[in-house]
Amino acid sequence: MKNLLFMLAFLSLSGIVYGQDILLLKSNGKVVIGDTSQMTTPGNYKLYVQNGILTEMVKVSVKTTSEWSDDSFDHLPTLADVALSIQQKKHLVNMPGADALVKDGYELKSMDAKLLEQIEWLWLHMIALEKENKELKKEMKALKNEPKK
């Protein structure tokens with residue numbers, strides 16, 4: 001990454017870019033790629049790429065276990081809670097709504113954790129349904145084998 005930034009800074013500072021700047025390396029270490037007159041890097045973000053990034057791989061680091069929750073199995077919402085959330089908020093429990101996403105965007109690490117939580121909840125409900133299904137099959141079999149009166 002350091003070599004890439006050096007190369008991009010060299011290209012930008014060496015005058016190879018004609019007309020409008022397409023790359024800006026700021027003195028605070030922030031980098032803007034695209035229309036540098038229009039774009040800034042908000043907050044603590046160091047890189048802004050206008051019109052997106054195409055890549056074959058993205059790796060998100062997790063520094064501590066507190067950034068990734070393994071306790072979602074302990075907080076399983078009931079299906080009634082999920083239905084109510086969908087009815088009232090138009091989205092799943094613990095998920096952001098469209099307005100919040102438009103306003104704030106989302107961080108990949110956080111959204112991955114939220115999506116994994118949803119998947120874990122689905123599996124817990126599937127396990128419960130399988131258990132209930134097996135019990136019902138057993139009851140049905142017993143009723144079929146019961147002598148008729």
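Residue numbers run from 1 in the order of the sequence given.
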So does D99 have more than 12 non-hydrogen atoms from other groups sitting under 6.0 Å from CG?
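No, because the 6.0 Å sphere around CG of D99 holds 12 heavy atoms or fewer from other groups.
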For atom NZ of K46, is the number of surrounding heavy atoms from other residues, nucleotides or ligands below 6.0 Å larger than 12?
yes
Nearest heavy-atom neighbours spanning M111 and P96
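What the structure gives for the nearest pair is CE-CG, 3.7 Å.
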Determine the minimum heavy-atom distance between Q50 and D35, stating which atoms define it.
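Closest approach of Q50 to D35, heavy atoms only: OE1-N, 2.6 Å.
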If you group Ile, Leu, Val, Met, Phe, Trp and Tyr by side-chain heavy-atom gaps below 4.5 Å, do [X] and [Y] land in one group?
| X | Y | value |
| --- | --- | --- |
| L115 | Y106 | yes |
| L101 | L108 | yes |
| V49 | V31 | yes |

Do [X] and [Y] make a side-chain contact, defined as non-hydrogen atoms from C-beta onward lying under 4.5 Å apart?
| X | Y | result |
| --- | --- | --- |
| M140 | L136 | no |
| M95 | S85 | no |
| N94 | L92 | no |
| L84 | V93 | no |
| N133 | L129 | no |

Assess whether side chain to side chain contact (heavy atoms under 4.5 Å, CB included) is satisfied between E107 and D112, documenting all intermediate values.
CA-CA 9 Å; E107 292 185 9; D112 282 353; over 6 Å; no
Decide side chain to side chain contact (heavy atoms under 4.5 Å, CB included) for K141 and N145; before the verdict, give the C-alpha distance in whole Å, the side-chain angles of both, and the deciding distance to 0.1 Å.
CA-CA 6 Å; K141 189 175 180 181; N145 292 334; 3.8 Å; yes
Backbone N/O of P77 and side chain of H125: donor-acceptor pair under 3.5 Å
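Between the backbone of P77 and the side chain of H125 there is a qualifying donor-acceptor contact (under 3.5 Å).
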